[in-house]
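Okay, so here's the structure we're looking at.
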Amino acid sequence: MQVSDNHTEMLQGELQRLFKAKLEKWYYRTGDTLADRMARAIYVIIASILIIGIYLALNVALALYLGKWVDSYALGFIMLAGIYLLLFVIWLLAKRPVINRLKNNSAASVLKVGEQLHASLNGTEDIDLEPETSLFNLDDAR
């Protein structure tokens with residue numbers, strides 16, 4: 001009975017050390033992953049601030065150039081605002097057809113990969129499913 005208790009205590013000690021080692025490994029791996037993601041997020045934030053600054057400077061320069069061209073700086077800024085308003089309206093009008101086309105093409109691609117995987121698993125020849133022959137036509141669903 002004494003030997004059995006000794007082995008049980010030894011096994012319990014080994015399990016505790018193993019658990020502590022696994023927990024410590026997870027802790028360091030999580031810390032490393034978190035540090036990596038924080039560094040990437042800070043990089044994206046800094047790059048975004050720089051890009052926004054450059055974008056604003058170029059827009060002010062373009063508005064000033066347009067204003068000098070029409071002899072009124074205010075009209076230059078209004079013209080640039082009108083250009084952006086026109087681009088926004090075009091984007092709103094083209095948004096739904098573009099999204100529908102992207103959905104149809106992605107659904108067709110997924111179906112094509114699925115059919116090829118199914119064909120390769122069954123030992124049959126590959127089926128060539130073109131994006132135009134999608135089974136999901138999202139344009140008709142609306």
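Counting heavy atoms from C-beta outward, L102 and S106 have side chains that stay 4.5 Å or more apart.
With rounding to the nearest 0.5 angstrom, the CG atom of L15 is 10.5 Å from the CE atom of M10. Here the CG-CD1 distance, from L85 to I90, works out to 10.0 Å after rounding to the nearest 0.5 Å. To the nearest 0.5 Å, atoms CG (L11) and CG (L18) are separated by 10.5 Å. Distance CZ/F77 to CG/N59: 9.0 Å, rounded to 0.5 Å. Separating the CZ atom in R29 from the NZ atom in K22 is a distance of 8.5 Å, to the nearest 0.5 Å.
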For this session: Please report the C-alpha distance between R101 and N105 in whole Å, then the side-chain angles of each, then the deciding distance to 0.1 Å, and finally whether the side chain to side chain contact (heavy atoms under 4.5 Å, CB included) criterion is met.
Result: CA-CA 6 Å; R101 182 175 297 147; N105 288 342; 3.7 Å; yes

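Here R37 pairs with nothing under the salt bridge (charged side-chain N to carboxylate O under 4.0 Å, His left out) rule; sequence neighbours left out. Remark: I42 pairs with I46 by the side chain to side chain contact (heavy atoms under 4.5 Å, CB included) rule, at least two apart or across chains.
With a 4.5 Å cut-off between side-chain heavy atoms of Ile, Leu, Val, Met, Phe, Trp and Tyr, the cluster of M79 takes in Y55, L62, L66, W69, V70, L75, L80, I83, Y84, L87.
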